[in-house]
Protein chains: 2
Amino acid sequence: MATLRDVAREAGVSVATASRAINGLGNVTGPTRDAVLAAVKKLNFVPHSGARSLTRRKTDTIGVILPDLFGEFFSEIIRGIDLVAHESGMHLLLGNMHGSTHETAAAIASMRGRVDGLLVMPPDMKPELLAGHLDPALPTVLLNYDAGPLDVPFVAVDNYHGAYAMTEALLDRGARQVVHIAGPKHNRDARDRQRGFVDAMAKIAKERSPVILPGDFSEEAGEEAARLLIQGQLPADAVFASNDLMAVGCIQQLGEAGISVPRDVMVAGFDDIPLARHVSPALSTMQVKIDRLGSTAMMMLLRLLRGETLGAASSTVLTPTLIARGTTAGPVGLAAVSKAVPAADRDSD
Amino acid sequence: MATLRDVAREAGVSVATASRAINGLGNVTGPTRDAVLAAVKKLNFVPHSGARSLTRRKTDTIGVILPDLFGEFFSEIIRGIDLVAHESGMHLLLGNMHGSTHETAAAIASMRGRVDGLLVMPPDMKPELLAGHLDPALPTVLLNYDAGPLDVPFVAVDNYHGAYAMTEALLDRGARQVVHIAGPKHNRDARDRQRGFVDAMAKIAKERSPVILPGDFSEEAGEEAARLLIQGQLPADAVFASNDLMAVGCIQQLGEAGISVPRDVMVAGFDDIPLARHVSPALSTMQVKIDRLGSTAMMMLLRLLRGETLGAASSTVLTPTLIARGTTAGPVGLAAVSKAVPAADRDSD
DNA sequence: AGGGGCAATGCAACCGGTTACATGGCGACG
DNA sequence: CGTCGCCATGTAACCGGTTGCATTGCCCCT
């Protein structure tokens, strides 16, 4: 591979001049520039970005650290990030912590010197622990994580009120026994959603004690919960799953058992993954504009990179929207909402 | 940020010794090593991967260049790649060409010096053109692209025979008028699938001329095709879409028009994206193990990086499997297959 | 006690660019 | 016609590590 030295020699100039010509800096005569560019073409020279970023102290790359890459949730986030990053000519370096807290530290560390900024989504990490691993000198925005005491800007989803609203809606719709399928124990989103559910139940339906089944955000967990529901003879006329994937698994399993959704039992999810529109009946859910989560975070990061100082105070909290579809359809209540939202439903903006 | 020099000074040793201690090379006394590691801890030193990779001539990163990031197809590929990459401690640098051929060149160029190898998916690029942009010194594996004259290893899907088989199956099943929804004009996958369709029609159903509707792999294109079908009064009892997303859009639109799938018209797709199982009725499709596409390519790339020489000859062609589900269900034909494949359907391996 | 050998450590070049500063040639000015 | 200043170009230091080779110091041997 040709280096800048090679180009300079070929063109009969010094490396400094070659560098200036290539980067279009001023102070280079026409003929000189042409000679250099000719040499570039002849030798097929491509600048070595690694070396370049060493001196420029700028890599034009941002690191994205996600807990996993499975499912539409993460791919939508990446797409959202990429959308904005690409406009600014930034590259994305993917780091996958594969669910392990220990690997998170390694992932963050290995990014040093490779990236100009970091987008981190640490859904089941304690803030104190996280703080120890983040480099305060590296612009960082947290994804889907309220940093709490940390002064790190974040983009989060109002999981609590979203879950509260959904629970409320199910009760409004006439549900008497709402069962919640929880997410992973240490996952902060899952916990906030569960809190929202519990609080809504407590406030609105005091007499009914909330039933919570364990889950882990996977489709299988939703199926398992449905089986528990059926076999365990749990009296339930509505299921609120902590995410869409579990809701989908649940619907699927209920269907196989001959239980009709929504006639026998209503089902609701959270996230509005693209799949939600396509299952049958279509899944009612709290819509989080997932790609927005990514693009908003990326935009904040760009501002940080431009030198603005953003503290935790500048964080964004996205409010999820209730999208009522078939799984909670019926003669009254949610059904009415259902008619009102097709535009939003189609990602109208 | 602390540098190696700082650590060395703090520990009272030379940078060389500090470097050796940190990297666990031999030739360092116990006490010396301890002093260095203590300094590392004290100064919170994290090695600068950029600088490191400059001397080591190794970045532990591989570049992934995809035409887009939209939809499950790409996210599955990335997941497959990551799975293997992560095991080998490799990072992924994402380059998105956003559909533009021109950007492909830029994307490839900007990877120089950042990555040890490249995984490229250039679905609508001519081989000659591609050849001009690839760096022969950089280990590269092509994704879903038969390099033809180029001596570059690739992982591809046997689109032609897959489409042939699916068309055959639809005709077997009793379809008389099969309509094909094509993919983007310049997309090689799409063209191979179309060829497979046309050839199968020609061989098996000579008397019926194949009808081909335009498409671009998007859900909307599928809807549009369905509308054409309905309004245009095209006589059709089966639709074979060039990919699943279009098939899904088509089903959706047919349903809204009150046309029953599969009773009035059968529908089939290609790819077997996760969504395919979930639409209703479930979509019959040619299953491509999409994540396998990524992981296989990544494994080949790792072999290249280990120094093995793999030419185009060592390429892998994945054969898609027919998965019959509800959209082609009926009393005979595909329905029988349908019973036989649930294991494969669940990604049993 | 002196010399040889080996392991631990230091020095300095190097990876491939960028850039501050030095240099030198030229035209414009008095 | 001599001098000043500007602009194109060159020299070399630097980014932050790694590593080949030189050096040092210790132990062991004769």
Side-chain angles (χ1 to χ4, degrees), chain A residues 1-40 43-61 109-116 135 137-138, chain B residues 1-40 43-61 109-116 135 137-138:
Chain A
M1 203 69 220
T3 75
L4 187 63
R5 259 83 161 153
D6 300 329
V7 173
R9 193 180 320 118
E10 176 74 26
V13 299
S14 72
V15 285
T17 304
S19 172
R20 289 192 272 258
I22 288 169
N23 292 298
L25 274 330
N27 298 349
V28 181
T29 334
T32 311
R33 182 192 315 282
D34 293 345
V36 172
L37 295 184
V40 165
L43 299 179
N44 230 305
F45 171 78
V46 178
H48 187 293
S49 329
R52 178 176 276 182
S53 60
L54 191 56
T55 43
R56 286 202 184 159
R57 305 164 147 286
K58 196 160 156 313
T59 60
D60 293 322
T61 302
S110 74
M111 292 275 172
R112 137 119 159 127
R114 294 178 187 282
V115 301
D116 296 338
D135 175 356
L138 191 66
Chain B
M1 203 68 218
T3 75
L4 188 62
R5 260 82 158 154
D6 300 329
V7 173
R9 192 179 321 118
E10 176 74 26
V13 299
S14 71
V15 285
T17 304
S19 172
R20 289 182 193 115
I22 288 168
N23 291 300
L25 274 331
N27 299 348
V28 181
T29 334
T32 310
R33 181 191 316 282
D34 294 345
V36 172
L37 295 185
V40 165
L43 300 180
N44 231 305
F45 170 77
V46 179
H48 188 293
S49 329
R52 179 176 273 181
S53 59
L54 190 57
T55 41
R56 286 203 183 155
R57 310 166 140 284
K58 196 161 156 309
T59 59
D60 293 322
T61 303
S110 74
M111 291 273 173
R112 138 120 160 128
R114 294 176 189 281
V115 301
D116 296 337
D135 174 356
L138 192 65

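Quick note on labels: first sequence line is chain A, next is B, and so on, each numbered from 1.
- Using a 4.0 Å heavy-atom distance criterion, B:T32 is classed as a sugar-phosphate-only contact.
- In the interface, the side chain of B:R57 is not paired with the base of C:dG16 through any donor and acceptor atom under 3.5 Å apart.
- Among C:dG17, D:dC15, D:dT18, the nucleotide with an atom closest to any side-chain atom of B:R112 is C:dG17.
- The side chain of A:S14 has D:dG10 as its nearest neighbour among D:dG10, C:dT9, C:dG17.
- Between D:dG16, C:dT9, D:dT9, one nucleotide has an atom nearer to the side chain of B:T29 than all others, and that is C:dT9.
- Rounded to an integer number of Å, the gap from CD1 of A:I22 to C1' of C:dG17 is 10 Å.
- One atom, CZ of B:R9, and another, P of D:dG17, lie 12 Å apart when rounded to the nearest Å.
- Side-chain atoms of B:R5 come within donor-acceptor range of the base of D:dG17, with a qualifying N/O pair under 3.5 Å.
- Side-chain atoms of B:T17 lie closest to C:dT9 of the nucleotides D:dT18, C:dT9, C:dT19.
- For A:R20, the listed nucleotide lying nearest its side chain is D:dG10; candidates were C:dT18, D:dG16, D:dG10.
- One distance of note links OG of A:S110 with CZ of B:R52; it measures 10.5 Å at 0.5 Å rounding.
- Closest approach to the B:R52 side chain among D:dG10, C:dT18, D:dG17 is made by D:dG17 (side chain taken as heavy atoms from C-beta onward).
- Across the protein-nucleic acid pair, A:L54 atom CG and C:dT18 atom P stand 11 Å apart, rounded to whole Å.
- The residue among B:A18 and A:A16 whose nearest nucleotide of DNA chain C lies closer to the 5′ end is B:A18.
- B:R33 comes within contact range of no nucleotide atom at all, as no heavy-atom separation falls under 4.0 Å.
- Rounded to whole angstrom, the span from the CZ atom of A:R114 across to the P atom of D:dG17 amounts to 13 Å.
- Comparing D:dG16, C:dG17, D:dG20 by their closest approach to the side chain of A:T3 singles out C:dG17.
- Of all heavy-atom pairs spanning A:L4 and A:V15, the tightest one is CD2-O, 3.8 Å.
- Distances were taken from every side-chain heavy atom of A:N27 (C-beta onward) to each of D:dA8, D:dG10, D:dG16; the shortest belongs to D:dA8.
- In this structure, A:L4 places its CG atom 12 Å from P of C:dT19, rounding to the nearest Å.
- Proximity note for A:V15 (side chain, C-beta onward) versus C:dC15, C:dT18, D:dT18: the nearest is C:dT18.
- Here C:dG16 presents its P atom at 17 Å from CZ of A:R56, a figure rounded to the nearest Å.
- Of the possible donor and acceptor atoms, none in the side chain of B:S49 sits under 3.5 Å from a partner among the backbone N and O of A:G113.
- Between the P atom of D:dT19 and the CG atom of B:L25 lies a distance of 7 Å, rounded to the nearest Å.
- A distance-only check finds no donor-acceptor pair linking the side chain of B:N23 to the backbone of B:L25 [under 3.5 Å].
- For A:A51, counting side-chain heavy atoms from C-beta on, the closest listed nucleotide (D:dT9, D:dG16, C:dG16) is C:dG16.
- Between A:V28 and B:T55, the residue anchored nearer the 5' end of DNA chain D, judged by the nucleotide with its closest heavy atom, is A:V28.
- Here the P atom of nucleotide D:dG17 and the NZ atom of B:K58 are 17 Å apart, to the nearest Å.
- Between the side chains of B:R114 and A:T61, at least one donor N or O sits under 3.5 Å from an acceptor N or O.
- Of the inter-residue distances, the one linking A:D6 atom CG with A:L43 atom CG reads 6.5 Å to the nearest 0.5 angstrom.
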